[in-house]
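Beneath this line is the structure, given in C-alpha cells, with notes to follow.
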Amino acid sequence: MGYRLHHYNHFLPISRTSFSNPFPPLFSFPFINRVWCGSQSGKNQAQMEQIVVNGSELSQVVVDDSNLLQKKISAIRLAGPAKLQVIADFDATLTKYWVDGCRGQSSHNVLQQEDPEYNDKRQKLYEYYHPLEFDPAIPLDEKTKLMEEWWGKTHALLIEGGVTYNGIQNSVAKATVAFRDGVTELFELLEEKGVPVLIFSAGLADIIEEVLKQKFHRSFKNVRIVSNRMVFDENGRLHSFKGKTIHVLNKNEHALDMAVPVHDRCDDMNGLGDEKSALKKRTNVLLLGDHIGDLGMSDGLDYETRISVGFLNDRVENSLESYRKAFDILYLNDASMHGVVKLASHLCSTESN
C-alpha cells in the first residue's frame with residue numbers, strides 16, 4: 001500500500017510550549033504534525049484528520065489504513081456507547097514515557113523496599129530478562145516461560161524483602177510517574193458516558209491504585225484494574241499475591257476475575273454490577289497500548305469491532321514499520337492523550353452528528 005504525507009499545519013494550531021519531552025527522539029521527521037495514510041478521498045481524509053489528530057502539540061500520527069479505520073469508527077458510533085468498552089495498558093500508555101527529563105518509572109520500579117539490597121536484586125533481574133522480552137529470536141512459548149520465571153522471582157523478592165502498604169504510599173509519593181496530558185479528560189468523558197475502562201497491567205494493582213489516588217485525588221466508578229494484587233497479613237506486610245501471575249504475555253480478558261474497582265464500593269453503573277456478564281455484552285473495543293503484545297489484551301472477548309491505538313514512545317526508527325501495521329492509529333514520541341479524547345468523544349456521539 002502506498003502512503004501520502006499530509007502536512008496540515010494550515011488548519012491546526014501549534015503550541016511549542018506544550019512539547020514537554022526534553023530529549024529529542026532518536027528518529028525525527030522532517031515535518032511536524034502529520035499523518036501517514038493509505039489511499040483516502042479528500043473529504044474522508046479531512047474527517048479522519050479532525051478525529052485522530054491533536055493539533056496542540058508537536059507530535060506525529062500514523063494511520064496505516066484510513067478507509068478501514070473510518071469503517072470501524074462508523075460501526076462503533078452506530079452501536080452507541082452502551083456497546084463500548086476501553087481496554088488500556090498502564091505503564092508508558094496511560095503514563096508518560098518521559099517525566100521531567102527522566103525515564104518514567106513502571107509500577108514495578110516505583111516500589112522501593114525497606115532493604116535497598118532487594119531493589120538491587122530486582123534491578124539485576126530486569127537487566128537480565130528485559131532484553132529477552134523483546135528478543136525476536138526466542139519462540140513465544142519459551143518467552144512465556146521466561147516471563148513467568150521473571151515475575152515469579154520478582155514477586156518472591158518483594159515478599160522476602162518486606163513490603164508494607166505504608167511503604168507503597170511513600171514509594172508512590174516519591175515516584176517519577178505522571179499521566180499523559182488528557183488522561184483525566186478521557187476518564188471523565190468515559191465515566192459520563194457510562195463506558196467501562198479496564199486497565200490491564202503486568203505490574204502491581206496496589207501501586208496503580210495508589211498512583212491513581214495520589215495523582216487524580218478522586219475516583220472513577222467506571223475504572224477497573226486487572227493486574228497482580230498483593231495480599232497483606234494482619235501486620236500490614238505483604239505475604240502473598242492473589243491468583244495467577246499476570247505478565248506481559250498473558251494480560252487479557254481471561255484475567256478478568258482479578259479486576260477490582262478503584263473506588264471503595266462497587267456500585268452498579270449502567271449494568272456494571274454484574275461486571276463480567278456486562279462486559280461480555282460490550283462487543284466494541286477501544287484498545288490503548290505501547291507494545292504490540294498489548295493487542296492481546298482483548299483476547300478472551302468475542303468483540304465485533306476493535307480500534308487499536310498505539311503509543312510508540314522511543315526508538316521510533318526501529319519499530320515504526322511493525323507498529324504501523326499492528327495498530328489502527330499510532331501516536332509517536334510520547335504524545336499526549338488528547339487525540340484519543342477526541343476519538344472517544346466522537347465514538348460516543350450519535351451517528352447522525
Side-chain angles (χ1 to χ4, degrees), residues 12-13 18 47-57 59 61 69-70 72-90 93-96 178-201 208-209 211-213 215-226 259 261-263 267-272 275 278-279 281-290 294 297-298 303 305-311 327-331 335-353:
L12 291 176
S18 65
Q47 290 175 340
M48 187 63 57
E49 290 174 351
Q50 291 286 1
I51 294 169
V52 304
V53 172
N54 168 34
S56 64
E57 64 181 14
S59 63
V61 186
L69 176 57
Q70 184 62 63
K72 290 184 176 184
I73 290 173
S74 296
I76 293 178
R77 290 185 70 204
L78 182 63
K83 298 284 286 183
L84 178 64
Q85 63 174 293
V86 174
I87 299 175
D89 172 56
F90 186 74
T93 296
L94 294 178
T95 61
K96 293 180 178 180
F179 285 99
R180 293 181 190 270
D181 295 339
V183 169
T184 302
E185 292 87 338
L186 178 64
F187 283 3
E188 289 175 345
L189 168 69
L190 296 171
E191 183 180 48
E192 176 188 345
K193 300 295 184 180
V195 176
V197 179
L198 294 181
I199 299 176
F200 283 77
S201 174
I208 294 172
E209 284 186 355
V211 172
L212 290 167
K213 186 184 299 182
K215 300 298 182 181
F216 289 140
H217 305 292
R218 58 152 297 184
S219 61
F220 297 92
K221 293 183 178 181
N222 59 324
V223 175
R224 304 291 182 271
I225 298 173
V226 184
V262 174
H263 55 288
D267 293 327
D268 187 14
M269 178 183 175
N270 292 344
L272 287 181
E275 303 215 21
L279 288 168
K281 296 176 182 178
R282 291 177 174 269
T283 52
N284 291 327
V285 177
L286 176 61
L287 184 148
L288 313 177
D290 71 305
D294 289 336
M297 293 188 298
S298 56
Y303 61 83
T305 305
R306 183 187 72 178
I307 295 176
S308 57
V309 179
F311 290 87
F327 291 96
D328 294 308
I329 305 168
L330 183 61
Y331 292 98
S336 80
M337 194 63 69
H338 291 308
V340 178
V341 175
K342 291 169 67 176
L343 173 62
S345 178
H346 188 72
L347 293 175
C348 291
S349 63
T350 61
E351 181 67 21
S352 59
N353 286 350

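Remember, predicted model here, so these are calculated numbers, not experimental data.
- Side-chain contact between L190 and F220 is absent, with no heavy atoms from C-beta onward closer than 4.5 Å.
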Carefully, step by step, assess I73 and L347 under the rule side-chain contact (heavy atoms from CB on, under 4.5 Å). CA-CA 6 Å; I73 290 173; L347 293 175; 4.0 Å; yes
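- Not one N or O on the side chain of N222 forms a donor-acceptor pair closer than 3.5 Å with the backbone of G194.
- Atom CZ in F179 sits 8.0 Å away from atom NZ in K215 (nearest 0.5 Å).
- Scanning for side-chain contact (heavy atoms from CB on, under 4.5 Å) contacts around S201 gives F90, D91, S107, I208, S227, with sequence neighbours left out.
- By the 6.0 Å and 45° rule, R180 stacks over the aromatic ring of F311.
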What do the steps show when you test M337 against L94 for side-chain contact (heavy atoms from CB on, under 4.5 Å), and what is the final call? CA-CA 8 Å; M337 194 63 69; L94 294 178; 4.2 Å; yes
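- In this structure, CG in D89 is found 9.5 Å from CD1 in I199, a value given to the nearest 0.5 Å.
- Rounded to the nearest 0.5 Å, atoms NZ (K83) and CG (L78) are 11.5 Å apart.
- Annotation: side chain of K72 is not in contact with side chain of N284 (no heavy-atom distance under 4.5 Å).
- If you take CZ on R218 and NZ on K213, they are separated by 14.5 Å, rounding to the nearest 0.5 Å.
- Judged by distance alone, the side chain of S74 and the main-chain N or O of Q70 form a donor-acceptor pair under 3.5 Å.
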Could you go through L212 and F187, starting from their C-alpha distance and side-chain angles, then the distance that decides it, and tell me whether this counts as side-chain contact (heavy atoms from CB on, under 4.5 Å)? CA-CA 11 Å; L212 290 167; F187 283 3; 4.2 Å; yes
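- Closest non-hydrogen pair, S345 versus L189, comes out as N-CD2, 3.5 Å.
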I would like to know whether D328 and L343 meet side-chain contact (heavy atoms from CB on, under 4.5 Å); could you show each step before the answer? CA-CA 12 Å; D328 294 308; L343 173 62; over 6 Å; no
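- Put simply, the side chain of L279 reaches to within 4.5 Å of the side chain of L198, judged on heavy atoms.
- Distance check, rounded to the nearest 0.5 Å: CD1 of I329 to CG of L69 gives 4.5 Å.
- For the pair K221 and R224, the tightest heavy-atom approach, listed with the atom from each and the gap, is O-NH1, 2.6 Å.
- The shortest non-hydrogen separation linking C348 to L84 is SG-CD2, 4.1 Å.
- The side chain to side chain donor-acceptor pair (under 3.5 Å) test applied to D290 returns T93, not counting sequence neighbours.
- Pairing each heavy atom of A344 with each of L186, the nearest pair is CB-CD1, 3.8 Å.
- Once rounded to the nearest 0.5 Å, the distance linking CZ of R77 with NE2 of H346 reads 4.0 Å.
- Not one N or O on the side chain of R282 forms a donor-acceptor pair closer than 3.5 Å with the backbone of Y303.
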